[in-house]
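In what follows, a single structure is set out as structure tokens and then discussed.
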Amino acid sequence: PDSVTVKFKCKVTATRGDEEQRLVNIAEITSYKDSTGTNMNDKDRDSQPSNFPDGSKNNNYNGNGSDGNYVKGQQDDDDFEPIIIPERVREFDLSLRKSITKLNGTDYSSRLPQVDSSKLNKNGETTAKYNHSKTALTSDTNQEIEYTLTIYNEGEVAGYAGEIKDYLPAGIEYVSNLTTGFTITPNMDSATGKTTLTITNNEKKVLQPFSSGTPDSVTVKFKCKVTATRGDEAQRLVNIAEITSYKDSEGRNMNDKDRDSDPINFPDGSKNNNYNGNGSDGNYVKGQEDDDDFDTIVIPERVREFDLSL
């Protein structure tokens with residue numbers, strides 16, 4: 001049949017939402033003329049120009065179409081073409097906080113984070129505020145320390161930390177695991193005296209996506225002992241932990257999917273000066289990224305002895 005074409009350009013203004021969107025564009029002939037310009041609106045043998053086409057009248061407009069076959073419009077003077085706007089990509093995000101919760105038998109559970117998530121996932125905020133003391137605690141040789149790691153799910157995807165590494169400085173020795181569901185394997189470097197703890201999540205407890213309130217979390221506790229002895233100067237011993245393996249609820253690797261952390265970005269004082277200072281009493285002290293954190297003890301200088309003789 002003889003034909004003519006009309007082309008025009010449009011722009012998609014729809015944005016991705018929580019669900020996929022199907023946008024159907026429909027066109028129809030609304031005025032018919034013969035070669036002399038006479039109105040033929042009531043003369044087309046199988047179409048009515050005032051019969052507006054939509055999905056309630058033609059289910060073809062609601063489906064996914066067909067690849068190459070003839071898909072009828074409501075009448076032969078109308079047709080459609082759809083586009084799909086996918087649902088938005090849901091973000092994966094785990095965070096970690098570290099606290100000394102017991103020292104030499106004294107309870108320090110007050111150092112656990114007070115979580116303020118009021119701005120999380122709003123206006124670009126990807127991390128809650130974890131307000132807890134980072135003031136260094138004074139310790140001494142042979143005293144025992146209980147460390148608590150808390151892993152939070154700040155994201156929109158269920159998941160868990162498959163592995164955590166905890167870096168003990170020389171002068172702190174690993175003693176025992178206080179948590180079921182996790183295996184802790186120590187590896188001491190004899191040259192430096194530093195110990196790396198590899199904490200494996202055997203239970204694979206899935207943390208649910210954040211919606212409101214306090215993010216879903218799990219804790220790991222373990223015990224260490226101070227082996228450092230007093231010297232001529234005070235010693236500041238900083239213990240750092242980080243998430244090194246991320247998993248979604250199906251156990252798939254999400255190491256490159258966390259929105260604001262890189263598990264291979266080793267945290268230390270050269271990259272984050274918070275690890276070098278004296279901490280803060282109660283405010284949120286950031287780690288290098290939100291998947292690493294630290295806590296600190298101080299070994300005082302030795303008591304200098306006074307002695308005169310004659």
Side-chain angles (χ1 to χ4, degrees), residues 91-104 106-139 145-156 159-161 164-169 172 178-179 199 205 207-224 236-244 246 258-263 265 267-269 271-298:
E91 295 183 306
F92 185 91
D93 189 9
L94 299 181
S95 67
L96 178 147
R97 299 305 289 177
K98 182 179 184 68
S99 309
I100 294 173
T101 46
K102 195 174 288 186
L103 176 61
N104 198 32
T106 301
D107 182 75
Y108 283 99
S109 56
S110 60
R111 292 171 72 90
L112 289 169
Q114 299 298 308
V115 185
D116 177 3
S117 61
S118 59
K119 296 182 180 180
L120 180 58
N121 295 337
K122 298 174 184 176
N123 301 318
E125 283 291 333
T126 62
T127 302
K129 287 187 176 181
Y130 299 95
N131 300 313
H132 57 135
S133 178
K134 290 294 181 184
T135 301
L137 294 175
T138 300
S139 187
I145 310 168
E146 178 187 274
Y147 288 107
T148 299
L149 308 180
T150 309
I151 300 92
Y152 300 90
N153 188 350
E154 299 180 323
E156 302 166 301
Y160 61 93
I164 301 160
K165 286 194 184 294
D166 195 289
Y167 307 104
L168 300 178
I172 298 179
L178 303 177
T179 307
I199 304 170
K205 180 194 172 186
L207 302 178
Q208 297 305 309
F210 173 77
S211 57
S212 62
T214 301
D216 197 14
S217 65
V218 67
T219 60
V220 181
K221 292 177 182 280
F222 56 92
K223 186 187 293 184
C224 292
R236 187 172 183 273
L237 304 182
V238 182
N239 176 213
I240 301 173
E242 66 169 337
I243 300 171
T244 51
Y246 303 79
D258 192 288
R259 64 183 170 187
D260 55 11
S261 300
D262 182 348
N265 197 0
D268 63 31
K271 301 171 185 172
N272 183 357
N273 198 49
N274 286 336
Y275 291 157
N276 301 319
N278 288 319
S280 170
D281 191 10
N283 295 322
Y284 175 37
V285 179
K286 292 183 178 181
Q288 183 174 307
E289 298 177 330
D290 74 350
D291 70 337
D292 61 80
D293 195 23
F294 70 105
D295 216 339
T296 310
I297 62 169
V298 170

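Scope of the values below: all heavy atoms of this structure, side chains included, with no hydrogens, waters or symmetry mates.
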Give a yes or no answer on whether the side chain of Ser217 reaches the backbone of Thr150 with a donor-acceptor pair at less than 3.5 Å. no
If we ignore hydrogens and angles and just use 3.5 Å, is the side chain of Thr296 paired with the main-chain N or O of Val238 as donor and acceptor? no
Has the side chain of His132 got a donor or acceptor atom that lies under 3.5 Å from a matching backbone atom of Arg111? yes
Heavy-atom neighbours of Lys102 NZ exceed 12 at 6.0 Å: no
Interatomic distance, Tyr167 atom OH to Glu242 atom CD [nearest 0.5 angstrom]: 3.5 Å
Under the criterion side chain to side chain contact (heavy atoms under 4.5 Å, CB included), which of Asp292, Val220, Leu149 is the partner of Lys98? Leu149
Regarding Tyr130 and Ser95, is there a side-chain donor-to-acceptor distance under 3.5 Å anywhere? yes
Is there a side-chain contact between Tyr152 and Pro113 in this structure, where contact means two heavy atoms from C-beta onward sitting under 4.5 Å apart? yes
Under the 3.5 angstrom rule, does the side chain of Lys134 hit a backbone N or O of Phe294 as a donor-acceptor pair? yes
Shortest non-hydrogen contact between Val298 and Ala136, atoms and distance: CG2-CB, 3.6 Å
Test your reading of the model: is there a side-chain donor-acceptor pair from Glu156 to the backbone of Glu91, 3.5 Å cut-off? yes
How close do Pro215 and Ser117 get, counting heavy atoms only, and between which atoms? CD-CB, 4.4 Å
To the closest 0.5 Å, what do you measure between CD (Glu146) and OG (Ser99)? 10.5 Å
Nearest 0.5 Å, what's the CG-CG distance between Leu137 and Leu103? 6.0 Å
The single option from Asp290, Asp293, Asp295 that satisfies salt bridge (charged side-chain N to carboxylate O under 4.0 Å, His left out) with Arg97 is Asp293
Chi angles and distances behind the side-chain contact (heavy atoms from CB on, under 4.5 Å) call for Asp291, Leu94: CA-CA 7 Å; Asp291 70 337; Leu94 299 181; over 6 Å; no
Distance-only, no hydrogens or angles: does the Glu154 side chain make a donor-acceptor pair with backbone N or O of Leu120 under 3.5 Å? no
If we count only N and O atoms by modelled type, under 3.5 Å, do the side chains of Lys221 and Thr148 hold a donor and an acceptor together? yes
Aromatic rings Phe222 and Tyr147: how do their planes relate, parallel, tilted or perpendicular, breaks at 30° and 60°? tilted
Are the side chains of Asp166 and Ile199 in contact, using a 4.5 Å heavy-atom criterion? yes
Minimum-distance pair of heavy atoms, taken over all atoms of Ile172 and Cys224: CG2-CB, 3.6 Å
Within this structure, what is the CG-CD1 distance for the pair Leu207 and Ile151, rounded to the nearest 0.5 Å? 7.5 Å
